[in-house]
Amino acid sequence: MKRILTVVLCLGLLLTASLPGLAADFNATGYPIVDETLTLTFVAPKAPLAPNYDEMELIQRLEAETNVQIIWENIPEADYQTAKNLILASGDLPDAFYKADFTDYDLITYGQAGLIIPLEDLIEEYAPNVKALFEQRPELRSMVTAPDGHIYSLPRAEEMGLVSTPFFLSINTTWLERLGLEMPETLEEFANVLRAFRDQDPNGNGIQDEIPFSFMFDWWCADIGDLFAAFGMADNSQHRIVRDGQVIFTAIQPEYREAIEYFHGWYQEGLIDPESFTQTASQYLAKGKMDPERLGAYIWWETEEVVGPERAADYALVGPLEGPHGHRLVGRSNNSEYNRAAFVITAVNKHPEVTMRWIDRLYEPYMSAQVTWGPLGIIYELDENGMLVNLPLPEGVSMGEYRQRVAPTGVGVVLQEHFGTVVDMEPRAKQRLQDIEEVYAPYQEAENYPMIFFSPEELEQINILEQDILDFVNLKRATWIVDGGIEQEWESYLNQLNRMGLQELLEIYQTGLDRFNANQ
Ligand code: CA
């Protein structure tokens with residue numbers, strides 16, 4: 001009897017020792033996470049100016065708090081993707097990839113091959129901060145849920161709300177005053193202002209050298225997609241919007257056709273800078289700083305960057321312009337402030353529960369802000385309301401550089417409601433957000449196309465079809481605005497797109513969107 005008991009006990013010990021995640025001194029709540037220091041190995045890319053992460057103050061504080069020591073294999077950002085692929089191919093895996101930046105294809109193939117592990121049960125048991133975020137934002141959970149139903153990665157988000165409307169239209173108000181004109185409210189009033197800029201020498205040098213209106217065709221923050229909205233539907237560089245859960249390809253809609261016919265009129269009248277279709281960003285930004293002033297109106301995500309700090313006061317934002325049929329609308333871009341693959345745990349990790357508790361610490365809102373911008377006492381202090389506010393920077397350093405040195409970044413979630421409560425926003429970003437809320441938000445399209453997790457088969461189909469379709473659409477879009485001809489070519493254009501597989505492509509996007517919505 002005694003002997004049997006011993007055998008059973010030994011077997012029990014053996015089982016305990018061989019199962020991962022059962023560190024004897026593991027604390028399921030509170031800190032430290034383990035009573036005896038435990039070591040884990042993480043691979044992480046790092047910014048050019050960043051030291052190895054073990055030298056970062058924030059990381060050292062985490063070690064002291066948790067008793068978990070991370071051996072950091074930091075790889076320079078530029079080499080990371082190649083290095084990551086080599087590591088995965090070699091099978092010599094770290095315990096986790098921090099700031100993992102796995103592609104969707106990586107996540108699902110390495111997940112299904114068992115090189116990285118599903119996290120949903122670990123989240124449920126050991127990640128109260130991540131769980132709380134998923135409850136607040138069910139779309140964060142959808143975003144990281146693979147088509148096979150597993151969660152292989154933790155998300156990253158910085159919801160500043162700054163990229164939802166990238167097409168800020170600025171106008172020269174000094175010129176408006178000089179010519180006795182009002183801020184335009186409709187597309188037609190705007191056109192009349194451009195005509196006046198063209199004809200009435202607002203820069204006063206006696207030469208007709210004014211550029212009434214310039215933009216950058218198909219550039220993420222300088223395209224005229226939001227002017228299309230005056231005809232009832234904004235355009236964007238994917239030509240893809242969502243209304244009532246339905247994916248709409250803008251570039252085959254009657255609103256789009258009417259907009260192009262109309263803007264061809266502007267082009268013929270000389271209201272549009274012909275270089276709008278060819279100029280580079282640096283040429284465009286230089287144009288705003290020429291002497292004397294030559295730019296009447298332009299599109300860019302920040303007024304000042306185009307015309308420079310001294311001249312910025314001469315320009316003001318134009319709100320959404322009302323179109324010929326009474327539409328006043330702003331698009332909602334598909335640019336994302338989210339990353340799906342911030343953190344993954346590999347199959348060799350013997351302490352996934354410790355790892356999950358450690359990483360979950362970084363999803364606590366105050367910690368997420370410090371991971372993103374830098375630690376308390378270095379970048380931040382707490383104000384009387386307990387909010388993280390910026391300390392003055394040391395002399396001679398820029399925010400961007402300093403942040404690289406002190407903030408590991410890449411992991412954590414800062415939600416929109418955390419700005420102004422948990423963490424203050426830098427003044428520049430604050431101003432832009434205020435502009436968005438006041439000028440654009442009331443007219444903004446309700447939905448956009450979210451970050452969908454496609455299957456490898458879907459991704460392959462998208463890769464085959466999409467680029468040719470977009471190239472064709474954009475070529476016609478530019479040609480029709482410059483040379484006209486949309487009336488004659490419209491039918492053959494629609495047929496050509498169908499032959500190129502547009503309907504199949506839209507079906508994939510619709511299926512993905514339906515799946516995403518069903519997961520929420
Ligand atoms: Ca002039």
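Counting starts at 1 for both ligands and their atoms, following the listed order.
- For the Ca ion (ligand 1), the set of nearby N, O or S atoms under 3.0 Å includes none belonging to Gly204.
- Considering just the N/O/S atoms of Asp201, the one nearest the Ca ion (ligand 1) carries the name OD1.
- With rounding to the nearest 0.5 Å, the separation of NE2 in His264 from CD in Glu269 is 11.0 Å.
- From Lys430, atom NZ reaches atom CE of Met160 across 10.5 Å, with rounding to the nearest 0.5 Å.
- Within Asp209, OD1 is the N, O or S atom that lies nearest to the Ca ion (ligand 1).
- Sorting the N, O or S atoms of Glu210 by how far they are from the Ca ion (ligand 1) puts OE2 first.
- Counting backbone and side-chain atoms alike, Asn203 contributes an N/O/S atom closer than 3.0 Å to the Ca ion (ligand 1).
- Within a 6.0 Å sphere centred on CD of Glu460, other residues, nucleotides and ligands contribute 12 heavy atoms or fewer.
- The O atom of Ile207 and the OD1 atom of Asn205 meet at the Ca ion (ligand 1) at an angle of about 90°, given to 10°.
- The list of ring-ring contact (aromatic ring centres under 6.0 Å, His included) pairs with a residue in residues 459-506, not counting sequence neighbours, reads Phe472-Tyr493, Trp480-Tyr493, Trp490-Tyr493.
- Judged as a side-chain hydrogen bond (donor to acceptor under 3.5 Å, both in side chains), the pairs with a partner in residues 445-456 (not counting sequence neighbours) are, in order, Arg243-Glu445, Ser455-Glu457, Ser455-Glu458.
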